[in-house]
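This report concerns only the one structure given below.
We name chains A, B, ... by the order of the sequence lines, and we start the count at 1 in each one. Treat the numbers as computed from the prediction; the structure is a model and nothing was measured.
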Amino acid sequence: MTTLACMERRFFEPDAAQVAAALLGHYLVVGHGDSLRGGLIVETEAYRVDDPASHGFRGETARNRSMFGEPGTAYVYFIYGNHHCVNVVCRERGLAEAVLIRALAPRFGMEAMRRCRRGLPDRQWTSGPGKLCAALGIDRSHDGLDLCDSTSAVRLARHPNVAEARREQGPIVSGPRVGISKAATWPLRFRLAGSVFCSGR
DNA sequence: TAAGTGATGCAT
DNA sequence: TGCATCACTTAA
């Protein structure tokens, strides 16, 4: 794909709910040497600064430090002893807001993703926040990367025709978050409801 | 439906 | 130091 321009930083200055919706239909990609893996974002979840479910709610620690960084920073955490999840930091430095990338429609590096997902069917490669990190090879070593920098291993890229992508895979719907015990009913989960690659939890 | 996995954070 | 919790996945 020749048209993979990185998102500009100001894209991530609004609050996490706005950014979570705005990211749908754009790309998350990871460079591995000369090759690329990634896909189209079809599901996101917002975590707000006043949000008891957010890792940043109780203040800055070694684990969540990058949540307090510049908008467009990657926050990657390790959970349940097995899985990594990747977030995009929003709002200005010092305010912990972030968007969890929950699911992708696979687009680039299909064979590499198939291998990393043990030969499972494509619908199971990236249809969950831990799955997509496994498929793309994202881990804590990517925590704190600038997702707006075209030289970063992990980055976010603008879809040249995001309106069309949303038409094809929409509509955009929002609803309760999943997998959390606090403030789960806040309608901060967003997805392209026509995509078969949503996590379905 | 439940087990597994290990880091994290708060209580002790 | 101990222990409950955890923004998940897989096997059953």
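Listed by first and then second residue, the ring-ring contact (aromatic ring centres under 6.0 Å, His included) pairs involving residues 80-103 of chain A are A:Phe78-A:His84 (not counting sequence neighbours).
As judged by a 4.0 angstrom heavy-atom cut-off over every strand, A:Arg117 is placed among residues touching the sugar-phosphate backbone only. Here A:Arg189 lies out of heavy-atom contact (under 4.0 Å) with every strand. Within 4.0 Å (heavy atoms only), A:Gly81 reaches at least one base atom of the nucleic acid.
A:Val173 and A:Leu188 sit in two unconnected hydrophobic clusters of ILVMFWY residues. Membership requires side-chain heavy atoms under 4.5 Å apart, directly or through other members. Linking Ile, Leu, Val, Met, Phe, Trp and Tyr residues whenever their side-chain heavy atoms come within less than 4.5 Å leaves A:Leu23 and A:Trp186 in two separate clusters.
Summarising the geometry, the separation between CH2 on A:Trp125 and C1' on C:dT9 is reported as 18 Å, rounded to the nearest angstrom. A straight line from CZ of A:Arg58 to P of C:dC6 spans 9 Å, rounded to a whole angstrom. In this structure, the CG atom of A:Asp139 is 16 Å from the P atom of B:dG6, given to the nearest Å. What separates CZ of A:Phe57 from C1' of B:dC10 is a distance of 15 Å, to the nearest Å. Rounded to whole Å, atom C1' of C:dC8 lies 15 Å from atom CD1 of A:Ile138. Atom pair A:Tyr47:OH and C:dA7:P shows a separation of 7 Å (rounding to whole Å applied). If you take CD1 of A:Ile79 and C1' of B:dG4, they are 13 Å apart, rounded to a whole angstrom. Distance CG (A:Asp51) to C1' (C:dA7): 10 Å, rounded to an integer number of Å.
Of the side-chain N and O atoms in A:Arg118, one or more sit less than 4.0 angstrom from OP1 or OP2 of C:dA11. Here A:Ser181 reaches the OP1 or OP2 of C:dC6: one of its side-chain N or O atoms lies under 4.0 Å away. For the OP1/OP2 pair of B:dT8 and a distance below 4.0 Å, the side-chain nitrogens and oxygens of A:Thr61 include no atom meeting the criterion.
Note on A:Glu97 versus A:Arg48: no salt bridge recorded, every NZ/NE/NH1/NH2 to OD/OE distance being 4.0 Å or above. A salt bridge links A:Arg102 with A:Glu45: at least one charged nitrogen is closer than 4.0 Å to a carboxylate oxygen. Look at A:Asp146 and A:Arg9 and you find a salt bridge, because one of the NZ, NE, NH1 or NH2 atoms lies within 4.0 Å of a carboxylate O, short of that distance.
The shortest non-hydrogen separation linking A:Ala103 to A:Cys198 is CB-CA, 4.0 Å.
Closest to the side chain of A:Arg63, out of C:dC8, B:dA7, B:dT8, is B:dT8. In this structure, the nucleotide among C:dC6, C:dT9, B:dT8 sitting nearest to the side chain of A:Lys182 is C:dC6. The side chain of A:Asn82 lies closest to B:dT5, out of C:dC8, B:dA7, B:dT5.
The aromatic ring of A:Tyr80 is not stacked on the base of B:dG4, since the criterion of ring centres less than 5.5 Å apart with planes inclined by under 30° is not met.
Side-chain atoms of A:Arg140 come within 3.5 Å of backbone atoms of A:Val76 as a donor-acceptor pair (strictly under, hydrogens ignored).
Map A:Leu100 and A:Gln124 each onto its nearest nucleotide of DNA chain C; the residue landing nearer the 5' end is A:Leu100. For A:His83 and A:Asn64, each mapped to the nucleotide of DNA chain B holding its nearest heavy atom, the one lying further toward the 5' end belongs to A:His83.
Between the base of C:dA7 and the side chain of A:Tyr77 there is a donor-acceptor pair shorter than 3.5 Å.
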### Base-pairing string, 5' to 3', of DNA chain B - Watson-Crick or wobble, under 3.5 Å, | interstrand
||||.||||||.
